[in-house]
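Report on one structure; see the data block that follows.
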Amino acid sequence: MKLFIDTAEFSEIQAAYEMGFVAGVTTNPSLIVKAHRDLKEVIKQIADLVDGPVSAEVIADKAEAMVKEAHDLRRLGQNVVIKIPMTPEGMKATAILSKEDIPVNVTLIFSANQALLAARAGATYVSPFVGRIDDMSMEGMTLIQDIAEIFTKHQIDTQIIAASIRTPMHMLQAAKAGAHIATVPYNVLLASMKHPLTDAGLARFMADWQAANQK
Ligand code: E4P
């Protein structure tokens, strides 16, 4: 499973990218507003830094306008992936864009049928939202397992991006459930890196080294 970072905070992307484990970036309108950034400006900045796919979401709700926005966003970088919501108009836009070989990430996926429809419309990626399903006292990770099983059984090459990842346990479970990618907030990436035994082990190594070299 590859790791993307789910943020529009450029400093977080830069920091994670320097650590080498980030293969792409996802954003959404809420994240861009939270970062107090202009959409096109921040997407260009991210697309220039990162080699991998950078998902930028359309704001329009009609297919024709989504396609126009997609064309504008693609001018910001050849690695820009167009994030399209799972709606009937979104499916129309996905069909048009995929015929133009423009990669689409269909977002706001909450059922396996939605994922299958998006894949058949030509999506390169689907983004099932794990955390938001958990928020409703349901098991979000089951959705990743179901989509992975269906895509494998029917040889569908659309990639599953486990989204709405809130905890290190989500990241682990997404990998085991068969997600191709998890898009993970910066704080969850950092939390996943930590282990008390790593800290204790390093402290012991350093203490032993200093004790031996002070003699
Ligand atoms: C990613 O594509 C989504 O925009 C994001 O993961 C949503 O996460 P949230 O449910 O924590 O807002």
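Note that the coordinates shown come from a computational prediction; the quantities given were computed from them, not determined experimentally. We count ligands from 1, going down the list as the structure has it; atoms in each ligand are counted the same way.
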Between Ser55 and the options Thr26, Asp6, Asn28, Asn105, the side chain to side chain donor-acceptor pair (under 3.5 Å) test singles out Asn105
The side chain to side chain contact (heavy atoms under 4.5 Å, CB included) partners of Ile13 (sequence neighbours excluded) come to Ile5, Thr7, Val25, Ile46, Leu49, Val50
Tabulating one pair per line, provide the atom names and distances (0.1 Å) for every N/O atom of ligand 1 that is less than 3.5 Å from a protein N/O atom.
from: ligand 1; atom 1: 2 (O); to: Lys83; atom 2: NZ; distance (Å): 2.6
from: ligand 1; atom 1: 4 (O); to: Asn28; atom 2: ND2; distance (Å): 2.6
from: ligand 1; atom 1: 4 (O); to: Lys83; atom 2: NZ; distance (Å): 3.2
from: ligand 1; atom 1: 6 (O); to: Asp6; atom 2: OD2; distance (Å): 2.7
from: ligand 1; atom 1: 6 (O); to: Ser164; atom 2: N; distance (Å): 2.7
from: ligand 1; atom 1: 10 (O); to: Arg132; atom 2: NE; distance (Å): 2.6
from: ligand 1; atom 1: 10 (O); to: Arg132; atom 2: NH2; distance (Å): 3.4
from: ligand 1; atom 1: 10 (O); to: Ser164; atom 2: OG; distance (Å): 2.7
from: ligand 1; atom 1: 10 (O); to: Arg166; atom 2: NH2; distance (Å): 3.0
from: ligand 1; atom 1: 11 (O); to: Arg166; atom 2: NE; distance (Å): 3.0
from: ligand 1; atom 1: 12 (O); to: Arg132; atom 2: NH2; distance (Å): 2.8

Stepwise side-chain contact (heavy atoms from CB on, under 4.5 Å) check, Thr158 with Thr124 = CA-CA 5 Å; Thr158 301; Thr124 303; over 6 Å; no
Closest non-hydrogen atoms of His170 and Gly131, given as atom of the first, atom of the second and distance, are CE1-CA, 4.0 Å
Whether Asp135 and Arg132 form a salt bridge (side-chain N of Lys/Arg under 4.0 Å from carboxylate O of Asp/Glu) is what I want to check.
no
Report task. Look at Glu64 together with Lys68 and state whether they make a salt bridge at an N to O cut-off of under 4.0 Å. Result -> no
